[in-house]
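Lettering of chains follows the sequences in order, A, B, ..., and the numbering in each one begins at 1. Atom set for the values below is all heavy atoms of this structure, side chains included, hydrogens, waters and symmetry mates excluded.
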Number of protein chains: 2
Amino acid sequence: MNNKFRIPKATAKRLPLYYRYLLLLNDEGKDKVSSTELAEAVQVDSASIRRDFSYFGALGKRGYGYDVKNLLSFFKKILNQDTLTNVALIGVGNLGHALLNYNFKRSNNIRISCAFDINPEITGKITQGVPVYSMDEMKQQIADQQIRIAILTVPQATDQKTADEMIEAGIKGIMNFTPIRLSAPNGVRIQNVDLATELQTLIYFLDSDEMIKKQLEERKKAMNNTNK
Amino acid sequence: MNNKFRIPKATAKRLPLYYRYLLLLNDEGKDKVSSTELAEAVQVDSASIRRDFSYFGALGKRGYGYDVKNLLSFFKKILNQDTLTNVALIGVGNLGHALLNYNFKRSNNIRISCAFDINPEITGKITQGVPVYSMDEMKQQIADQQIRIAILTVPQATDQKTADEMIEAGIKGIMNFTPIRLSAPNGVRIQNVDLATELQTLIYFLDSDEMIKKQLEERKKAMNNTNK
DNA sequence: CCTTTTTATTGAACTTTTTCACAAATTGAT
DNA sequence: ATCAATTTGTGAAAAAGTTCAATAAAAAGG
């Protein structure tokens, strides 16, 4: 028996994407979908899609494509979408508020079930249907509710300490919106979401696109001059 | 003359990370930094860091490390941090508001200089120091202000149409927070930021971690039984 | 029933990214 | 001046990820 369970990281990252589009197709009443069709919608090369699916065995039918309902229920299980996942929100500032309003439940079966903040003006109340506790209560609540996943949107400074506390309370996965790279023991996953960095990367790519374009133009001009 | 300018994508994505940490070090008054030290802070293998830097030439000194000020001013240029980058915000909902409050300027020299929305209750006003225009004015404003980059946080549905309009107005880079994979002509970059997807990926990894752990335990147990 | 078309599956080639590991340069101590 | 300790820069190997393209199965059309 070999490790059939080790799915490439790159593939795993694309699964939710596939899943969401399959949900959409299903809602539209579509019965089948081909890798080419999927490729266009999710903007992943069709060969990659076929390769990705193949890690889970032969999910399709040659000459036909993939059965939407089949694929959907398969991925539903793979992605743990049949059970509701409760997550904690640490830090109810601007971004935290936005996330409270975000409807993760709709197509992901994820729910923010409790939030924590230091600001006494918002703690002890219910915001967007979610109770906001003080930070002192965090450890207890997370442990009691057996929450494994937390979204960290505190405004910096104390983040590592906060993370340590969360992990102590039983958190196994952190979606980290702070710019600090948290350190965590083995068995705890950190997913960094760094908005400023991504924006800057975008700018970098744009500038280098432009530079390459300029160089090409200059080279062309030089060629023309030599040919005269 | 060969293409010395083509920096690997993976490297480019890490540059803003390095930059931010270098800013921090400089603020702390540190003069030099080694790849090992950097590695720990940004959680990238030290060999990768050296490799990344080497694409730009020999930036360090053997037996010494990298000069913080030197490196910083070099990356400042590379990342276009010496000029302020204006970006547009399309959609001032919850997430949009959070982004308006986000201080991109502090360590990234990026500023949201105008925002757009359909909601007449917020258009025509200035929010967080940023004027909010109606969608009708978008094309004009983007063109007039020569904005190349936009953050798209509209609540779905019309997004492709909105994107097309933006591109027509001169936008070259879109940071897309909507779940839809936008299509764009050549020369326009789309950076997708998909919060629900990332959260789901995290859950997937957690579950597979757990499964692997369980399997290992079972295998161990089986081994023990055989050895008896 | 045969032929053509469609489309998944997958070995193999290819590309990109990461990591190893060591020579070469530099520092700092003695 | 010498030697030990550091630390970069980088060939080369390994690993991860993507794409090509041959094959096989199924569907559709005649």
First-last contacting nucleotides on DNA chain D - partner chain A, under 4.0 angstrom, heavy atom: D/dG17 to D/dA27
Is B/D207 paired with A/R148 through a side-chain N to carboxylate O contact shorter than 4.0 Å? yes
Which part of the nucleic acid, if any, lies within reach of B/Y66 when heavy atoms closer than 4.0 Å are counted: base, sugar-phosphate only, or nothing? sugar-phosphate
Please figure out whether A/Y64 or B/K61 has its closest DNA chain D nucleotide nearer the 5' end. B/K61
Verdict with reasoning, A/D209 to B/K172, per salt bridge (charged side-chain N to carboxylate O under 4.0 Å, His left out): CA-CA 10 Å; A/D209 282 356; B/K172 296 287 180 210; over 6 Å; no
Span of DNA chain C in contact with chain A (heavy atoms, under 4.0 Å): C/dT6 to C/dA12
Under 6.0 Å between ring centres, would you say that holds for B/F53 and B/F75? yes
Between B/R62 and A/K9, which is nearer to the 5' end of DNA chain D once each is assigned its nearest nucleotide? B/R62
Report, as yes or no, whether the 6.0 Å neighbourhood of atom CD on B/Q146 holds more than 12 heavy atoms from other residues, nucleotides or ligands. no
B/N108 side chain to A/Q200 side chain, donor-acceptor N/O pair below 3.5 angstrom: yes
By the 4.0 Å heavy-atom rule, please label A/T36 as base, sugar-phosphate, or nothing. nothing
When you match B/S48 and A/S34 each to their closest nucleotide on DNA chain C, which lands nearer the 5' end? A/S34
Nearest-0.5 Å distance, CG of residue B/L199 to CD1 of residue A/I149: 6.5 Å
Distance col, row B/F116:CZ vs B/K139:NZ, nearest 0.5 angstrom, shows 13.0 Å
Could you state the interatomic distance from CD1 (A/I49) to CG (A/L38), rounded to the nearest 0.5 Å? 5.0 Å
